[in-house]
Amino acid sequence: MPSLMMDRDAVAAFLDEVFPQIHHGGPGPVVESVGPLTATMRLPYHERHLRPGGTLSGPAMMGLADVALYVAILAQIGPVALAVTTNLSFNFMRKPAQADLLAEARLLKLGRSLAVGEVLIRSAGGDDLVCHATGTYALPPR
């Protein structure tokens, strides 16, 4: 298993430093934990994430999945701001509850120039998936 370059607190501080806008207008994603090739994120429930019909929006889930993959990568390779998303794919499984969202990211491949992973998103307190995402990140030379 690869060793971590950044722990939960270091990744959270880095996000706050390089992406302060993540918390603009209300609570943003929170780093719950990082581990070897994994990260768990929480998106606190907030009305700014709602869409008509009172459900949490697809864009809120998409942003959560994207940042969860980014955090899983940062924990492994260190503070590399210019790792960038090259592909994201989403399957919305069911309507999320009006609750926090929890995202579990897992890297399937961490190479020199690309990282590939998946993210499982659930409503807090629930077991059913509300969204399944896969994504690829381009990594700068290290």
Any donor-acceptor N/O pair, [X] side chain to [Y] backbone, under 3.5 Å:
X	Y	value
Gln76	Leu37	yes
Asp100	Tyr45	yes
Ser57	Ala60	yes

Between [X] and [Y], is any pair of side-chain heavy atoms under 4.5 Å apart?
X	Y	value
Ile77	Ile73	yes
Leu69	Leu88	yes
Met41	Leu64	yes
Glu104	Arg122	yes
Val116	Leu107	no
Met61	Val130	yes

Between [atom1] on residue [X] and [atom2] on residue [Y], distance to nearest 0.5 Å:
X	Y	atom1	atom2	answer
Leu15	Leu74	CG	CG	6.5 Å
Leu139	Leu82	CG	CG	11.0 Å
Thr40	Arg8	OG1	CZ	11.5 Å

Using a cut-off of 6.0 Å, state whether more than 12 heavy atoms not belonging to [X] lie near its atom [atom1].
X	atom1	result
Gln21	CD	yes
Arg94	CZ	yes
Arg48	CZ	yes

How close do [X] and [Y] get, counting heavy atoms only, and between which atoms?
X	Y	result
Ala75	Val34	CB-CB, 3.8 Å
Leu114	Ala138	CD2-CA, 4.0 Å
Ala72	Ala105	CB-CB, 4.3 Å
Ala133	Ala65	CB-CB, 3.9 Å
Thr55	Pro96	OG1-CD, 3.3 Å
Pro44	His49	O-CD2, 3.8 Å

Is there a side-chain contact (heavy atoms from CB on, under 4.5 Å) between Ser123 and Leu101 once you walk through the steps?
CA-CA 5 Å; Ser123 295; Leu101 292 176; 4.2 Å; yes
ILVMFWY cluster membership beyond Leu129 - transitive side-chain contacts under 4.5 angstrom
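Leu129 clusters with Met93, Leu120.
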Who else is in Val30's hydrophobic cluster (ILVMFWY, side-chain heavy atoms under 4.5 Å, direct or via others)?
none
Would a hydrophobic clustering, with Ile, Leu, Val, Met, Phe, Trp and Tyr connected at side-chain separations under 4.5 Å, put [X] with [Y]?
X	Y	value
Phe92	Leu102	no
Val67	Val80	yes
Val71	Met6	yes

Enumerate the ring pair (Phe, Tyr, Trp, His ring centres under 6.0 Å) contacts for residues 9-35, please, sequence neighbours excluded, ordered by first and then second residue.
Phe19-Tyr70
Given the rule in the side-chain contact (heavy atoms from CB on, under 4.5 Å) test, do Leu110 and Tyr137 qualify, once you have shown the distances and angles that lead to the verdict?
CA-CA 9 Å; Leu110 181 59; Tyr137 264 76; over 6 Å; no
